[in-house]
Amino acid sequence: KIPELSPPISFSDALKKASGETSFILHSRGDHLTFSPKIEKGQHANIFVGPEGGFSEKEVILAEKCGISVSSLGPRILRTETAAIVATALFLL
């Protein structure tokens, strides 16, 4: 299945829209669980991949307050474009 890419919206609007759905925010700093998505076949999920330089701590805290799981792709810092592809591919495992 081809992933759906939504048009750009503000970060706060995206968090509100994703609230209550299976959602992950990828954060490279701090001690977060390694990204290992577990979803049912056909289930919808949201992945938040940060801008160059990553999400700010304030943005991560706001996402957590919206019920979004904070995860990491590991110790290496990936470019935004690469991180999105890697995160999407992990859904196939």
Side-chain angles (χ1 to χ4, degrees):
K1 183 174 179 181
I2 299 173
E4 177 186 329
L5 299 177
S6 302
I9 59 176
S10 72
F11 184 67
S12 59
D13 286 345
L15 291 177
K16 289 175 194 169
K17 187 175 178 181
S19 184
E21 297 180 351
T22 301
S23 302
F24 306 90
I25 185 168
L26 301 177
H27 188 49
S28 60
R29 294 181 298 272
D31 186 26
H32 302 290
L33 296 174
T34 301
F35 185 61
S36 180
K38 303 287 188 238
I39 62 170
E40 304 270 331
K41 185 175 182 177
Q43 182 182 358
H44 177 85
N46 302 292
I47 306 171
F48 289 84
V49 179
E52 185 175 332
F55 288 108
S56 70
E57 289 300 320
K58 182 179 173 183
E59 290 169 324
V60 173
I61 291 167
L62 185 59
E64 284 181 303
K65 287 181 181 177
C66 290
I68 296 172
S69 299
V70 181
S71 296
S72 168
L73 289 177
R76 292 182 177 80
I77 306 295
L78 303 175
R79 291 180 57 96
T80 298
E81 300 87 348
T82 307
I85 293 168
V86 169
T88 302
L90 289 172
F91 278 100
L92 301 174
L93 298 177

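Basis for what follows: all heavy atoms, side chains included, without hydrogens, waters or symmetry-related copies. Computed from a predicted model, the values in this text were never measured in an experiment.
Two rings, from Phe48 and Phe55, have their centers 6.0 Å or more apart.
For Thr22 against His44, the heavy-atom pair with the smallest separation is CB-O, 3.9 Å. Considering every non-hydrogen atom in both Ser28 and Ile77, the closest pair reads CB-CD1, 3.4 Å. The minimum heavy-atom distance between Cys66 and Ser19, with the atom names listed, is O-OG, 3.4 Å. Contact record, Leu26 with Ala87: CD1-CB, 3.7 Å, taken as the closest heavy-atom pair. Across all non-hydrogen atoms, the minimal contact from Ile25 to Ala63 is CD1-CB, 3.8 Å. What you find for Pro51 and Thr80 is that their closest heavy atoms are C-OG1, 3.5 Å.
The backbone N or O of Ala84 lies less than 3.5 Å from a partner atom in the side chain of Thr88, making a donor-acceptor pair. Distance alone, capped at 3.5 Å, places no donor-acceptor pair between the Ser69 side chain and the Phe24 backbone.
To the nearest 0.5 Å, atoms CD (Glu59) and CG (Leu15) are separated by 8.5 Å. Here the straight-line distance linking atom OG of Ser71 with atom CG of Leu90 works out to 10.0 Å at 0.5 Å rounding. Distance check: Leu62 CG to Lys16 NZ gives 9.0 Å after rounding to the nearest 0.5 Å.
Counting only heavy atoms from C-beta outward, the side chains of Ile85 and Leu78 never approach each other to under 4.5 Å.
Counting non-hydrogen atoms of other residues, nucleotides and ligands closer than 6.0 Å to CD of Glu81 gives a total above 12.
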